[in-house]
Amino acid sequence: MKAIALIDANNFYVSCERVFAPCLRGEPVIVLSNNDGCVVSRSNEAKALGIGMAVPYFKVREIVERHGVRVFSSNYELYGDMSHRMMEILEDSSPEVERYSIDEAFITLEAQDYVSLEKIGREVKEEVYRQVGIPVSVGIATTKTLAKVAGHYAKSWSELDGVFSITEPSVHTPILKRTSIEKVWGIGARSAMKLRLNGVSTAFHLREADESWVRSRMSVTGLRIRQELRGIQCHTFATSPSSRRGIHSTRSFGELVESRDDLRAAVSMFVARACEKLRREEMVAGAITVFVRTNRFKPDERHYSGAVTLRLAPLTNLTPEIQVVAFRALDSLYREGYRYKKAGVMLSDLSPEQSASQPLWEAEKQARMRDLMFNVDRLNQRFGRETVQYGLFATEGKWKMKLSSRSPRYTTKWDELPKVCR
Amino acid sequence: MSIEISVVPETPTVKDGQYAGFPSPADDYLCRSLDLNDRLVPHPVSTFFFEVKGNSATEARIFEGDIIVVDRALDYRDGNLVLAVIDGQFAIRRLRERDRRFWLCSPDQSQEDLPLTEEYELWGRVMWSITRH
């Protein structure tokens, strides 16, 4: 039987820091966003002290100082590299891997029965930990939306030990009955409120709700979610709700790609698509990861896979700016003589557009760019994708980043290697 | 770090005019310049580099300033040189099996042998060390 698993790293950024600093294990640790604005990752010990997600640092400074919480600035070069390693292990475990965000992926599993599915899920979890040192949770179900539900419990119910499969019908229904509607993938706070007013307060209610009622109240988006809750796969890349931990655009090539130009064209398109999504969510990104890989299962061909993560400064969601950085990443990745099977980009370090702090002179330039983007997006919407395309764009000016307390780039810089002293 | 690995299990060598190892369907393998990555990093995803400080592992021929290549993906056996985590710190130790238990032994015998319990972690195997001259 076939199923979908959501592999979701636990407290990913903190976990990355702990791989190279074992003394952090068991300690309260937090990681702050690009501008040292908000908390983007917390260890379980930090959560227990009452430090919430996405709160600005100044609000938790008192707790930090009182309990000696360790604080790190985001180290996106490290996180991007560790993410790529994790994804590569998944690519070896499953024929289909969707790198959904920097620390989550959907993979397909195939097994004889329900029990075997959970066993495979556990093997994947153990393999990721063994090779990369990152703990993950695995949620298994027949659709992505249901896998997300399973993943939520896999992560929060410690007795499940990180793996939970809800493919079995007897487990399925009671779980949906106790899953509040807010927790369903793609249901925002506003939709949830509306649904509750109409008596839909759990995932089960939504699943059982009348089809035409859902279509009229929530349009095709809500209908998709209902179908997925019923076990009917609906989501494609374009319709998947965005993760606040990363926006991706990747593709497996039907015909292997060999030339640098072809790969550049593909990456250019990936960036455009990801930025479209980013702008629609009204977010900006602080880092981009570009990865390429050949087909590992071709025995008579050389295999290569690599990823590069570069910072975006200032934070942006403007396609031409991000394309320049993506090309730089690709240039350092590209190897002559390989036939590439898959490539993609991941935008991470996301924050809402308004809260992104930047110098005034950037704001004006960005405002002009934004108007341009708005019109481009509108034209593309009306006349079809890529009606208007981008040429290359040179950015001017540098923006100094506040890089206080960022850990070393352990895996991407020779002079920042982890040390062993004993 | 971008690393390439060769899928061909062995690089054919020429011995007395005979080829040893698998003949490669892609002839360019035979003429390709040697890449250290092929030899030192067969598992890029689980391989990490560390810098050595201090001289406590000189008995294992590892010196201050060396880079060690550590692989997390391999099984552990008696005699392996490992990167262990002891009291929250990385340490290079020799894994020894005695009386059906495993022990972490310091290369220069300066530290007491530690029985391998859950308190200590085997982070990875030290596969290579790189010394600059």
Side-chain angles (χ1 to χ4, degrees), chain A residues 18-27 81-82 84-92 127-134 290-308 329 332-335 337-338 408-422, chain B residues 1-9 22 24-26 28-29 32 35 37-38 43-57 62 64-68 70-75 83-93 104 106-108 110-111 120-124 126 129:
Chain A
R18 280 176 164 173
V19 171
F20 302 97
C23 54
L24 295 176
R25 292 186 203 153
E27 299 293 314
D81 183 71
M82 295 297 274
H84 177 69
R85 290 171 189 258
M86 183 175 91
M87 299 300 178
E88 283 294 299
I89 294 165
L90 299 180
E91 300 263 9
D92 286 345
E127 196 59 23
V128 170
Y129 187 77
R130 192 167 75 106
Q131 294 205 38
V132 195
I134 300 286
V290 179
F291 81 91
V292 297
R293 79 194 305 269
T294 59
N295 188 348
R296 200 208 240 291
F297 301 110
K298 282 211 165 196
D300 53 348
E301 288 200 17
R302 284 143 66 187
H303 174 64
Y304 163 60
S305 88
V308 167
S332 72
L333 274 175
Y334 179 76
R335 297 281 169 92
Y338 287 88
R409 290 165 289 189
Y410 299 112
T411 61
T412 55
K413 289 274 178 247
W414 286 111
D415 47 9
E416 294 181 31
L417 292 182
K419 318 266 188 278
V420 47
C421 313
R422 300 166 70 200
Chain B
M1 298 150 193
S2 311
I3 302 160
E4 58 178 62
I5 52 169
S6 170
V7 179
V8 174
F22 290 106
S24 166
D28 60 323
Y29 282 124
R32 198 156 66 89
D35 184 341
N37 276 302
D38 291 345
H43 313 127
V45 161
S46 56
T47 301
F48 299 87
F49 303 118
F50 284 73
E51 188 183 326
V52 178
K53 293 283 197 206
N55 281 301
S56 41
I62 295 177
E64 154 100 29
D66 282 0
I67 291 173
I68 51 170
V70 181
D71 194 340
R72 290 179 63 101
L74 304 168
D75 293 329
L83 186 71
V85 179
I86 298 172
D87 298 331
Q89 305 284 322
F90 289 116
I92 297 172
R93 292 287 183 270
L104 292 171
S106 70
D108 59 3
S110 64
Q111 312 277 328
Y120 309 114
E121 182 192 327
L122 294 180
W123 200 96
V126 180
S129 63

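Here the structure is a predicted model, which means the values were calculated and not measured. Reminder, nothing fancy here: chain letters follow the sequence lines and each chain counts from 1.
Of all heavy-atom pairs between B/Phe49 and A/Pro418, the closest is O-CD, 3.3 Å. Closest of all the heavy-atom pairs between B/Phe90 and A/Lys419 is CD1-O, 3.8 Å. For B/Arg72 against A/Gln131, the heavy-atom pair with the smallest separation is CD-O, 3.3 Å.
The distance from atom CD of B/Gln111 to atom CZ of A/Arg422, rounded to the nearest 0.5 Å, is 6.0 Å. The CZ atom of B/Phe50 sits 11.0 Å away from the SG atom of A/Cys421 when rounded to the nearest 0.5 Å. Here the straight-line distance linking atom CZ of A/Arg130 with atom CG of B/Asp75 works out to 6.5 Å at 0.5 Å rounding.
Between A/Phe20 and B/Phe48, the ring planes are perpendicular. Angles over 60° get that label, and only those under 30° would be called parallel.
Between chain A and the residues B/Gly54, B/Ser46, B/Pro107, the most heavy-atom pairs under 4.5 angstrom are made by B/Ser46. Among B/Leu83, B/Ile86, B/Asp71, the residue making the largest number of heavy-atom pairs under 4.5 Å with chain A is B/Ile86. Options A/Thr294, A/Val132, A/Ile89 differ in how many heavy-atom pairs under 4.5 Å they form with chain B, and the most are formed by A/Val132.
The part of B/Val85 that comes within reach of chain A is its side chain, from C-beta onward, which places non-hydrogen atoms under 4.5 angstrom from that chain. Contact of B/Ser56 with chain A is made through the side chain alone, with heavy-atom distances under 4.5 Å. For B/Glu64, no part sits under 4.5 Å from any heavy atom of chain A, backbone or side chain. Proximity to chain A (any heavy atom under 4.5 Å) is restricted, for B/Ile67, to the side chain, taken from C-beta onward. For a residue to count as touching a neighbouring chain, one of its non-hydrogen atoms must lie under 4.5 Å from one of that chain's; by this rule B/Ala57 does not touch chain A. A/Met86 does not touch chain B: none of its heavy atoms, backbone or side chain, sits under 4.5 Å away.
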